[in-house]
Amino acid sequence: MIMKKYEYPLQQVIDDLEKKGTVKGHEMVIHQIEEGKNGYGPRYFILGDENKPFIRMNSNSYLGLSRHPKVIEAEEEAARIFGSGPGAVRFISGTFKHHISLENRIAQFHRKQAAMLFSSAYVTSMGVIYPLITPETIVISDELNHNCIIHAIRLSRPAEKYIYHHNDMDDLHSKLKSSVGKGKRVLVVTDGIFSMRGDYAPLHELVSLCHTYNDYFEEGVISIMDDSHGVGAFGDTGRGTEEYTKTQVDILIGTLGKAFGVNGGYVAGDKTLIRYLRETAPMYIYSNPITVPEAAAAETALSIVDSPEGKKILKHLGELTRRFESGLTGAGYETIPGPHPIVPLMVRNTEKTGRLTRWLHKEGVLATGLNFPVVPKGDEEIRFQISAEHTEKDIEAVLSVLAKFES
């Protein structure tokens, strides 16, 4: 009987989401993967459409490393030796050599002094931003930053919060100027790659503005970037938005669960920062780390990216991305051009986004339709994500499906 009292208001929320058309609905269940053949990449099979092969255009596994034989082998070998789980949080039962080795490898890869692991990228942003915000801290955030950044700021309750227009450095300049005299420390937080659009932060200008205003604040102006969609998949050697813009931020947040194809998140920065976070970040202290097999797999993936094979994969990914973009514009569709493998098809209409998503599904293409409030009104889109597992034939097949859509 007690349950009935709270079930009703919960159901009302669900019903309201359905009326608005913003309910996420049932998650599709992938039950089989068929290896690529005849010049095509792998095909996926989902419950409810058991006999229909799908090309997957909605995966964050940009480099296809989640199914790379060396990555799988490393995970299996570590599982046989160390088991499937870590057992407890690191400060209670200790850590494993694979965690330490991976953290050192991440720091080296990003040319930072140190790094530490979290259980996911979402948790990393929460775990980094929250401990750095004091009652005398001001936070300045891009309006299109990821949900994890938004919630970290809400949880932290800074002295002042400013939101600047997306990638508008004049507006950021104005917000920094307005912050003078209102706090001791400023955090300027941005995504590296903005996950709904595939565009990137102008780091050179952003970091330059942080340096300009640094002396106006007792504890400085700190640049923080969550580059979860950038690391591994962006830049000549996969070092993300820092590499592409030739600019380094103070604090870099990344993920192992997208381009690197495994699981977990991380932060990289100077040694004092990392030591401070190990002592103060509750999301690190009280959560189990990624498993030893995951750590072994992630280090192997990182080694592949940082090798001639990795450069070859990135080159292939870039070529496919450019071909898909040019195919969209050639077919009369609008996109936001850029070198990142997120390629949005801008529909700018909720009803049409739904119809196009259903059409793609009917034709064997898995792609994600994004409507308000996930994206602003007027920015409704289909988000395509290119993977190195795709082939030229895959790209042509999807473009052919889009060409047949009757709007």
Side-chain angles (χ1 to χ4, degrees), residues 27 29-37 41-47 56 59-110 114-124 127 228 231-233 238 254-268 274 278 281 283-314 387-389:
E27 298 172 356
V29 179
I30 296 169
H31 69 89
Q32 182 182 341
I33 303 175
E34 187 179 89
E35 293 300 329
K37 56 187 177 182
R43 291 298 183 264
Y44 292 76
F45 293 82
I46 61 178
L47 292 182
R56 197 179 186 197
S59 170
N60 295 326
S61 185
Y62 299 114
L63 303 181
L65 293 181
S66 63
R67 300 176 65 244
H68 193 289
K70 290 180 182 177
V71 176
I72 294 170
E73 182 183 353
E75 184 155 3
E76 289 178 343
E77 183 180 353
R80 282 194 294 270
I81 298 170
F82 293 96
S84 59
V89 299
R90 291 170 71 169
F91 89 95
I92 286 179
S93 65
T95 191
F96 289 84
K97 65 179 183 179
H98 291 76
H99 294 127
I100 302 299
S101 179
L102 176 57
E103 287 172 336
N104 290 337
R105 189 73 180 79
I106 289 169
Q108 180 190 41
F109 183 75
H110 289 297
M116 64 185 280
L117 297 168
F118 285 83
S119 58
S120 74
Y122 196 106
V123 168
T124 307
S228 290
V231 294
T255 185
L256 302 168
K258 292 182 170 62
F260 296 125
V262 191
N263 183 44
Y266 62 84
V267 58
I274 299 304
R278 289 193 197 278
M283 294 77 172
Y284 170 83
I285 297 168
Y286 301 107
S287 291
N288 277 9
I290 63 173
T291 67
V292 176
E294 287 172 330
E299 187 167 2
T300 299
L302 203 61
S303 297
I304 292 169
V305 173
D306 198 20
S307 74
E309 181 185 358
K311 290 181 181 178
K312 185 177 179 180
I313 294 171
L314 283 162
S387 168
E389 280 196 317

With sequence neighbours left out, what residues match [X] under side-chain hydrogen bond (donor to acceptor under 3.5 Å, both in side chains)?
X	result
Gln108	Arg105
Glu35	Arg67
Thr291	Glu294
Tyr62	His229, Gln385

I need the minimum non-hydrogen distance between Pro86 and Ser93, along with the two atoms involved.
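Nearest pair, atom of Pro86 first, then Ser93: O-OG, 4.4 Å.
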Tell me every residue that passes side-chain contact (heavy atoms from CB on, under 4.5 Å) with [X], counting only those two or more places apart in sequence or in another chain.
X	value
Ser66	Ser61
Ser387	Glu389, His390
Ser119	Val123
Ala107	Ala115

Find the distance between CD1 (Ile106) and CE (Met116) and round it off to the nearest 0.5 Å.
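Separation between the atoms: 11.0 Å.
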Distance in Å, Leu256 CG paired with Leu65 CG, rounded so as to fall on 0.5 Å steps
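One finds 11.5 Å between CG of Leu256 and CG of Leu65.
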Between Tyr266 and Phe260, what is the ring plane arrangement, given parallel below 30°, perpendicular above 60°, and tilted in between?
tilted
List the atom pairs, donor and acceptor, that lie under 3.5 Å between side-chain atoms in residues 94-102 and the rest of the protein, sequence neighbours left out.
{"unit_1": "Thr95", "atom_1": "OG1", "unit_2": "Arg90", "atom_2": "NE", "d": "3.0"}
{"unit_1": "Thr95", "atom_1": "OG1", "unit_2": "Arg90", "atom_2": "NH2", "d": "3.3"}
{"unit_1": "Thr95", "atom_1": "OG1", "unit_2": "His99", "atom_2": "ND1", "d": "3.2"}
{"unit_1": "His99", "atom_1": "ND1", "unit_2": "Phe96", "atom_2": "N", "d": "3.4"}
{"unit_1": "His99", "atom_1": "NE2", "unit_2": "Ile290", "atom_2": "O", "d": "2.8"}
{"unit_1": "Ser101", "atom_1": "OG", "unit_2": "Glu299", "atom_2": "OE1", "d": "2.9"}
{"unit_1": "Ser101", "atom_1": "OG", "unit_2": "Glu299", "atom_2": "OE2", "d": "2.9"}

Pick from Ile46, Ile30, Ile33: which one makes a side-chain contact (heavy atoms from CB on, under 4.5 Å) with Arg56?
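Going through Ile46, Ile30, Ile33 one by one, the side-chain contact (heavy atoms from CB on, under 4.5 Å) with Arg56 is satisfied by Ile30 alone.
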Contacts of type ring-ring contact (aromatic ring centres under 6.0 Å, His included), residue His68, not counting sequence neighbours:
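Per chain and number, His68 pairs via ring-ring contact (aromatic ring centres under 6.0 Å, His included) with no residue.
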In residues 70-82, what donor-acceptor pairs under 3.5 Å come from side-chain atoms, sequence neighbours left out?
none

